Participant: 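Questions regarding the structure given below will be posed in turn.
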There are 2 protein chains.
Amino acid sequence: MNDGDGGAAPRKRADAQRNERTLLDAAAAVFVTSGVEAPVRDIAARAGVGVATIYRHFPTRADLIIAVYRHQVEACAEAGPALLAAVASPYAALGRWINLFVDFLVTKHGLAAVLRSDDAGFHALHAYFLDRLVPVCAQLLRAAAAAGEIRSDVDALELMRGVGNLCIGAENDPRYDARRLVAFLIAGLRQPG
Amino acid sequence: MNDGDGGAAPRKRADAQRNERTLLDAAAAVFVTSGVEAPVRDIAARAGVGVATIYRHFPTRADLIIAVYRHQVEACAEAGPALLAAVASPYAALGRWINLFVDFLVTKHGLAAVLRSDDAGFHALHAYFLDRLVPVCAQLLRAAAAAGEIRSDVDALELMRGVGNLCIGAENDPRYDARRLVAFLIAGLRQPG
DNA sequence: ATAGTAATCGGAACAGGATTCCGTTTATCC
DNA sequence: GGATAAACGGAATCCTGTTCCGATTACTAT
């Protein structure tokens with residue numbers, strides 16, 4: 001809703017809309033090469049705008065990161081119920097879903113690191129990821145526990161944070177395979193016996 | 001060797017030795033309250049010296065952190081073989097040793113985070129921790145694998161990095177229990193079947 | 001079409017931290 | 001006690017992030 005006209009929102013100016021799009025593209029490109037903590041000035045330069053324009057559109061870096069990756073996070077969130085419906089074993093569905101999440105994180109240079117940062121500026125990023133993905137994870141955990149495949153005392157938030165942490169620094173380092181370690185962690189959730 | 005006199009090293013001046021000690025104490029105190037990434041100026045102020053004095057004694061922050069925690073890291077390294085000798089099951093010894101490591105990390109505010117940082121300035125810190133602890137971990141892993149208690153394809157470096165990552169952000173957050181997650185990870189190493 | 005208006009813009013100014021430089025101090029040796 | 005070079009402190013520099021302000025430009029009403 002509130003996309004074409006709206007009542008209260010006075011519709012943004014055309015140049016502002018254009019700049020927002022340009023900034024998203026520039027940020028995405030810079031994130032790929034320099035990571036999500038690239039200097040603000042670099043992103044502004046790449047977009048051909050002044051630094052203040054970034055702050056006007058995205059008050060904190062978290063807002064910019066969220067905007068850049070929103071689609072992929074949504075896709076990941078929606079994949080949870082789909083996997084649960086499509087795969088026979090809830091435990092297998094959980095494993096598959098976690099792999100999707102891990103793949104997403106390790107391909108976004110530095111994202112896992114800022115995701116766990118306790119810097120106040122990243123509060124919105126924290127909140128978004130957690131609000132969107134923790135419930136999905138909790139649903140998968142409940143299903144697997146109900147099926148007796150894993151222990152029932154696993155907290156979704158804790159697991160998500162653990163998996164996120166395991167993904168830190170996993171980009172382009174052949175000696176560290178986050179996927180493998182996460183698989184061990186998930187294996188460790190199985191019922192003892 | 002080369003502690004009291006030596007041949008090539010011209011023995012440091014007395015005030016320099018005193019400052020180095022003072023700096024170590026000041027850094028240790030500041031690390032406890034503000035974490036290992038505390039501003040250099042704070043440490044200098046606490047020690048009552050100029051900032052350049054820090055750089056003269058410890059060229060990078062990594063050197064300072066290593067010096068502050070060297071004793072505890074050595075103790076952890078030496079605990080490995082001791083546990084292996086004292087505990088009947090190598091797998092149990094591994095678990096106990098990992099717990100020592102985790103306890104060390106989570107009580108040093110922010111240490112786990114810089115430990116995994118790929119910032120060039122922390123290269124020495126990386127190298128020291130890895131050189132000192134990975135061989136110990138490898139020995140424990142070999143013993144447990146030889147006893148048939150865990151799979152034999154676990155790399156010590158990878159495991160250490162995984163455990164270190166799980167400890168990031170674990171200080172004073174009741175909703176995140178790094179010890180518990182590490183326990184799951186170690187449990188996941190058991191032989192399948 | 002045009003003048004008025006307010007949203008938006010760009011880059012300079014400011015702030016905070018790390019790192020380096022240099023004139024001064026001081027321990028050591030003779 | 002004086003010469004010498006190591007060590008010192010703090011100012012200067014550099015690099016980011018963030019805010020401010022005069023200039024610009026899209027929209028609106030006539």
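For clarity, every value in this text was computed on a predicted model and none was experimentally measured. A note on names: the letters A, B, ... follow the listed sequences, proteins ahead of strands, and every chain is numbered from 1.
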Participant: How close or far is atom C1' of C/dT19 from atom CG of B/Asp63, stated in whole angstroms?
Facilitator: 15 Å

Participant: Counting only heavy atoms not in A/Arg96 (residues, nucleotides, ligands), do more than 12 fall under 6.0 Å from its CZ?
Facilitator: no

Participant: Any side-chain to backbone donor/acceptor pair from A/Trp97 onto A/Pro81? Under 3.5 Å, distance only.
Facilitator: no

Participant: Between the base of D/dG17 and the side chain of A/Arg41, is one N or O donor paired with an acceptor at under 3.5 angstrom?
Facilitator: yes

Participant: For B/Arg18 and B/Glu37, take the nucleotide of DNA chain C holding the closest heavy atom to each; which residue's nucleotide lies nearer the 5' end?
Facilitator: B/Glu37

Participant: Taking OP1 and OP2 of C/dT8, is either one under 4.0 Å from a side-chain nitrogen or oxygen of A/Asn19?
Facilitator: no

Participant: Provide, to the nearest angstrom, the distance between the CG atom belonging to A/Asp42 and the C1' atom belonging to D/dC15.
Facilitator: 12 Å

Participant: side-chain hydrogen bond (donor to acceptor under 3.5 Å, both in side chains), that's the test. Do B/Thr60 and B/Asp63 meet it? Break it down for me.
Facilitator: CA-CA 5 Å; B/Thr60 74; B/Asp63 297 309; 3.0 Å; yes

Participant: Using atom types as modelled, flag every donor-acceptor pair under 3.5 Å from a side chain in residues 36-49 of chain A to any protein atom, sequence neighbours excluded.
Facilitator:
none

Participant: Could you walk me through whether A/Arg161 and B/Asp173 pass salt bridge (Lys or Arg N to Asp or Glu O under 4.0 Å), step by step?
Facilitator: CA-CA 12 Å; A/Arg161 285 184 60 176; B/Asp173 184 342; 2.8 Å; yes

Participant: Quick check for you: to the nearest 0.5 Å, what is the distance between B/Leu111 atom CG and B/Phe104 atom CZ?
Facilitator: 5.5 Å

Participant: Can you check nucleotides 27-30 of chain D for protein contacts, nitrogen or oxygen pairs under 3.5 Å, and list what you find?
Facilitator:
{"unit_1": "D/dC27", "atom_1": "OP1", "unit_2": "A/Ala14", "atom_2": "N", "d": "2.9"}

Participant: What are the residues of residues 50-59 of chain B, sorted by number, that bring a heavy atom to within less than 4.0 Å of DNA chain C?
Facilitator: B/Val51, B/Ala52, B/Tyr55

Participant: Please classify the nucleic acid contact of B/Gly48 as base, sugar-phosphate, or nothing, using heavy-atom distances under 4.0 Å.
Facilitator: sugar-phosphate

Participant: Taking the side chain from A/Gln191 and the backbone from A/Glu149, do they hold a donor-acceptor pair closer than 3.5 Å?
Facilitator: no

Participant: Report the residue from B/Glu20, B/Lys12, B/Gln17 that forms a side chain to side chain donor-acceptor pair (under 3.5 Å) with B/His57.
Facilitator: B/Glu20

